[in-house]
Each structure stands twice: as structure tokens, then as C-alpha cells.
Amino acid sequence: MKDTDGSYITEDGRKIGGVVMEMKNITLKFGGVNAISDISFDIREGEIRAIIGPNGAGKSSMLNVISGFYIPQEGEVWFHGKPRPQMKPYEVARQGIARTFQNIALFEGMSVLDNVMTGRLTHMKSGLFAQAIWKGRAEKEEIANREIVEKVIDFLEIQAIRKTPVAGLPYGLKKRVELARALAAEPRLLLLDEPMAGMNVEEKEDMCRFILDVNDEFGTTIALIEHDMGVVMDLSDRVVVMDYGKKIGDGTPEEVRANQEVIDAYLGVQH
Amino acid sequence: MFYRTAGQFKTTYRDDQALFPIRQDAVLVAVILILAWAVFPFIATEFAFQTLLIPILIYSLAALGLNVLTGYAGQLSLGTAAFMGVGAYACYKMLTIMPWLDPIVAILLSGFFSAGVGVMFGIPSLRIKGFYLAIATLAAQFFLVWLFEKWAWLYNYNASGAIQAPNITSVFSGGTYVSGPLATSFTQYYMVLGITTLLTILTINLTRGTLGRTWKATRDMDFAAELIGINLMRSKLSAFAVSSYIVGVAGALFVFMWRGAAEPNLFDIPLSFTILFIAIIGGLGSILGNYLGAILIVGLPVVLNTVPAALGLPLESAFVEHLNLMIVGGLIIFFLIVEPHGLARLWGLARQKLIVWPFPY
Ligand SMILES: Nc1ncnc2c1ncn2[C@@H]1O[C@H](COP(=O)(O)OP(=O)(O)O)[C@@H](O)[C@H]1O
Ligand SMILES: [Mg+2]
């Protein structure tokens, strides 16, 4: 049942809205290598959009283009129906786009709580002098934001390690803290680069549940990169398949699974 | 046992964010403050004021400034002394041009000049990091000391090329002299203590809040910091500004509340390194460490000079100097290799042990 702008209700009752982000003919080169060749796809409001493909396909590069970390040689990124002017990564973040990284990028010298609090930085406005004086504006802001952060900490069930330095945490927990930092920003679009890589089965199940809950409870739009096909089939509404920088498939998990080119290039190969 | 934390639960985030969430820490800080404010100044000899109390505070403050930049924001600087010089010369010129200005106000204002110069020399940090940035700050160090020598306007065209702290009174000391030969050590100590306490409190507030987290994120992983929404330019330059402000005030205090006079080469590299050593030995990324480091670096030569002499074994002054250098050198190597978080971390570990004592865990 599709609306004129293509919005629809999923089988499990979530509302998928219009297009929030559209990649138009993106080409990204590193020297002679085409990391991304002329790829277009869109992301709809409220959906979980997966990007899959073998190693080196250009998936992380695509997220980095969305984040403004890489500037494509050709193509445009459209956000909320307008072409996005070239902007710095921190400006992109301030538009409500948060992310996690394939290789965990936490602030190792800080506690879990402080790491998650950094997710709120884009929302914190008090100036240098107010912060130096602390009492009043800065303290109020700190407490208000701490409350939001504590909700995220509860949500991801990491209360027990709140005050622990992140440096010594096991890998799976670090991934979770990184997700907490991204969620603390209350993003409209959440980018997850292999959130389940390197996890054991239980950790993967937890992470899957968190991702579904975030999408369901907060209506957050999610674009995620994942290797595990089972996970992708379970989680995502639509899938983009990349191989050697090219798009070879785009559609629902079922459509993608039935696509011969995808089967040849990706599903047939053991990873 | 002594540091029993059981039964101390935080029921609000405000309590949890209090400066000293553990009661014993608050008690300890209170004891230190009482000693510094109400005990030391009444029992200290002139010698103790001049060789320990006042310099320890001033060096702590300078190290605090450096620590903001290097320990919190991760930008290495070898130009601390030159920024102290900017503060000192700015204060000197302000008091020359506006003799009616209260010297304490002048000292607090002089930090803004060093902050401006610090930001200027911090601009390279937007492009370069680590070792290369250290070299750039070294260039600032050379350039500024050269400027202090060559720009005669800075020292009012004195034949000696030195600046002299004039005799001036302040409302903050109740109208007594705070600088120049007529000022007493007692008054100067209180002025230095007041400013150091104030700036320390403000710095603690900055480092525990939004800006502190911005700096630490920049230090720990700059690309991730930028991708979560931190403007790296603002983060780094604000660290240079705050750091240089504190360092500049320390420089003004150095000349006006302690040395009484200064030549350009006073602000040369050896002083930069002394401050850096204090920050390293005390602990990068710690507030308390600056004080511990300064007590050690300022106190060690005094102890080496006086203790053996009191025991009837006076050491030759050249030997004391060498011994001092060897011990400091050894400590630097120890802390860089074994405990990069410095004395503050050692204290933290001791505190942790005290919390669980007498049980091992
Ligand atoms: N910063 C970079 N510099 C040079 N080449 C890069 C860079 N980032 C990615 N690449 C290249 O781009 C291609 C795609 O990489 P990536 O996006 O990381 O793939 P994926 O995430 O799908 O595994 C690879 O060939 C990789 O070597
Ligand atoms: Mg990748």
C-alpha cells in the first residue's frame, strides 16, 4: 500500500515515510582506484537501509561520503529534498546525522559516561564563561543532558560500566558504548558501519534487538553496513548491494536475494 | 577503610557531578585549602615564602595552563615560557600606560594578551600535529624572546633591557603594596594564592564540562571528534586561548609578585621545559598533578640544599645543582615510561587502595 510520495506501512506496522537522503550518481576516487562508481540510491524516513557487499566494495567509503568525511569527485548528496552544499563533517553531524565506525573510534582516555556525553555536544550551547562559572546555566545544561544520556545508558543496558574507562572494555561492550554515543545525539539519521562485526552470537542478538528497538521506539532512520546475510535479511527494509564500487542490486531483502547478479557476485562467494 | 565510600550514594545527577563526589576527597581538599589560606602564611619564614610557597603556586599555575593545552586537548607546546613572557610584558606595559590601573586587575587582563598571541601561534595546530606542532611552538618561543629583546618599547627603552616591578598598591590587599620592593611576601603570597585558587576553580569547571569533553575528544581521536560534531578548529584554538591565558597570568605573577624584575632570557626554553616537566611529573590531564609536580620540582633543590646542611653534611652548590638535575631527569624517564599519568595517578592508586584497605580488593 504505497502513498504518492512512496510512504507505506510495513508488515510489522512501522511507518516508512518519504525520501530523507538521496545519493545521486556518486563517484569517489582514490588516486586511480574508483572506490565508488556512479552509485545512486535513496534512504526513506524511518526505514532500516542496509548496504552490503564484499570487502573493499566501497561501503565504508559511502558512509564517509554521507558523513562529509570524503568528498566525491562527482555526484550530489540530497538531504531533505535539497542538494547539500559541501560541508565539514562536524556540520553534517549537526544536521542530525550520527554514526559508529567499523574500527571502533571511542575516546580511550575518557569514561563510558563521558564518551556518551560527547554525543550531546552538538546540543550543548552554554559559552566559555558560563562553563567556567559552572553554577547556573552550565550546570543546568549538564544535568538536562545527563538525564538524556542516562536514558540511553539504560536503554543499552550499560549502567554497570558507566564510570569505567573505555580503554579496558571488551570489544563487544565498546561497540555498544559507541552506539550509545551516537544515540545520545538523538540523530534523525543513524549510520552504523558493521555494528556486529567481530561479535559472538549473543552479542549479535543483543545488537540486533537494540537496532530494531531504536528504529521502532524513536523512529530513527538507520543506514547500516553488515556482512552477516542472515542479520541483513532479518533487520532491513531495503538493501543496496555493492561490488567493486558498483551498485549491483537494490530492493527488499527478498528481491535482492533473488537477483542473479547478487548471487553470483556476493552470495555465492564464501566470506 | 579511611576512604570508606560505602553508604555514600548519589541520588541526583547534580550530586554525582559534584566536584568531590567522595566525602573524604572533599575533606582532604578542605584541609589543603585551610593550610594554604590560614596556616602556612602565618608560620612561613621569608625564606619559605620566597623559595617555596610563592614559586610553587606560580609554577603550578603555569603548569595548569600548559596542562589544559597538552594534557586535556593533546596539543604539545614547548613555548610556555614565551607565553608567560607575553603576560609579564603586557602587564608591565599596561601599568606604564595606565598607572591608575589596579595591578591585580592588570595581571588578570594581561592573560588576554597572551591568549591572543597563543591563538595566533595555535593556528598551525589546525594542520600539523605532535612532533611537528611542538617544533612550531618552539619557533614561537624563539621569536617571542627575540621580540622581548629587540622591541625596546616593551621595556620602556631601559638601558638594562630588563623590566622592573614598580611599587604599587592594590585595593585587593586593602591598600598595601602588592608589587615592587615595598611589598611584603605575606601580601604577595595572598595575592598569588587568590588568583591561583580562582583560576584553578574556573579551570576545573571548564575541564569537567562541555569544553573539557570537547578537548579530550580532540586529544583522543580527532577524526571521530569531528564526525560527532566537534569543530576541531574551535576546540584547538579555545584550548590555546584558555591555556595561554592562564600561562600569561602566571607569567605576570612570576615577575610582579615574585622575581620583581625580569630580563628577556628569563622566558627562554629552560623555563618552558621546567613547566613541561612539572606537568609530566604531576600528570598530564590532571589538575591536582600540577601542584604535586610543582611541589616536587620547586621543593627538591631547596631540600637538597638545606637538609644535608642541617644534618652537618653541607653539599657544594654545584653538586646540589647536578644532583637535582639527575633526580629530575630520572623522574621524567620514570614517569614517561612507567606512569605516564604522573604523580596524580600514583595518588589515585593510593586512594583506591585506601578505599578498600585493609582488603586487597
Ligand atoms: N582513505 C583511503 N585512501 C585510499 N584508498 C581508500 C581509502 N579508503 C578506502 N579506500 C579504498 O577504497 C576501496 C573501498 O574501501 P571501503 O569503502 O573501506 O570498502 P568496504 O567498507 O566495502 O570494505 C578499497 O579499495 C579501499 O582500499
Ligand atoms: Mg568497511
Side-chain angles (χ1 to χ4, degrees), chain A residues 63-64 67-69 88-101 104-110 113-115 117-135 138-147 149-150 162-163 166-167 178 181-182 184-185 191, chain B residues 10 12-19 21-22 68 71-74 115 126 198-235 237-239 241-242 245-246 284-286 340-341 345 348:
Chain A
L63 283 204
N64 283 327
S67 287
F69 194 64
K88 298 243 177 198
Y90 75 87
E91 295 170 308
V92 172
R94 283 162 194 221
Q95 293 198 321
I97 299 179
R99 65 171 292 174
T100 65
F101 301 85
I104 300 167
L106 285 170
F107 306 122
E108 296 270 317
M110 299 158 74
L113 177 62
D114 269 341
N115 265 278
M117 282 294 281
T118 60
R120 297 297 304 163
L121 286 174
T122 50
H123 297 261
M124 296 175 89
K125 300 281 180 296
S126 64
L128 184 109
F129 289 99
Q131 289 181 53
I133 290 160
W134 189 258
K135 284 283 157 210
E139 188 184 39
K140 232 184 264 164
E141 189 175 53
E142 184 86 4
I143 290 169
N145 284 284
R146 173 78 186 270
E147 275 161 14
V149 161
E150 287 293 339
R162 214 192 252 117
K163 296 280 170 84
V166 292
E178 213 191 17
R181 180 178 70 187
L191 311 174
Chain B
K10 303 296 168 283
T12 67
Y13 297 135
R14 178 191 297 262
D15 285 352
D16 198 42
Q17 282 157 355
L19 267 189
I22 298 176
V68 164
Y72 284 91
L126 308 178
L198 174 74
L199 291 188
T200 303
I201 293 171
L202 298 183
T203 308
I204 290 174
N205 288 343
L206 285 181
T207 52
R208 67 178 163 149
T210 313
L211 202 53
R213 284 190 288 268
T214 306
W215 289 338
K216 287 189 257 182
T218 307
R219 170 195 72 189
D220 285 350
M221 197 161 276
D222 54 0
F223 82 90
E226 187 168 25
L227 283 162
I228 65 163
I230 291 173
N231 181 342
L232 288 183
M233 181 178 82
R234 288 185 65 168
S235 170
L237 293 186
S238 66
V242 171
Y245 176 85
I246 300 168
L284 291 174
S286 142
H341 297 287
R345 173 62 163 276

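Each chain gets a letter, A, B and so on, in the order the sequences are listed, and its residues count up from 1.
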Taken to the nearest 0.5 Å, the spacing of B:Thr214 OG1 from A:Gln131 CD works out to 7.5 Å
Using distance only, find each side-chain donor-acceptor pair of residues 220-228 of chain B under 3.5 Å and give its atom names and separation, not counting sequence neighbours.
| from | atom 1 | to | atom 2 | distance (Å) |
| --- | --- | --- | --- | --- |
| B:Asp220 | OD2 | A:Gly109 | N | 2.8 |
| B:Asp222 | OD2 | B:Lys129 | NZ | 2.7 |

Winner by heavy-atom pair count (cut-off under 4.5 Å) against chain A, out of B:Asn231, B:Val242, B:Leu202, B:Leu211
B:Asn231
Quick one: what part of A:Arg181 sits under 4.5 Å from any heavy atom of chain B, side chain, backbone, both or neither?
side chain
Portion of A:Lys140 that has a non-hydrogen atom of chain B nearer than 4.5 angstrom
neither
I'd like to verify something: which residue of A:Met110, A:Gln95, A:Met124 has the highest number of heavy-atom pairs under 4.5 Å with chain B?
A:Met110
N/O donor-acceptor pair under 3.5 Å between B:Arg213 side chain and A:Thr118 backbone
no
Among A:Thr122, A:Asp114, A:Leu106, which residue has the highest count of heavy-atom pairs closer than 4.5 Å to chain B?
A:Asp114
Report the option among A:Arg99, A:Glu147, A:Glu91 that has the most heavy-atom pairs separated by less than 4.5 Å from atoms of chain B.
A:Glu147
Which atom of B:Asn205 lies closest to which atom of A:Ile133, heavy atoms considered:
ND2-O, 3.5 Å
Sequence neighbours excluded, which residues qualify as ring-ring contact (aromatic ring centres under 6.0 Å, His included) partners of A:Phe107?
none
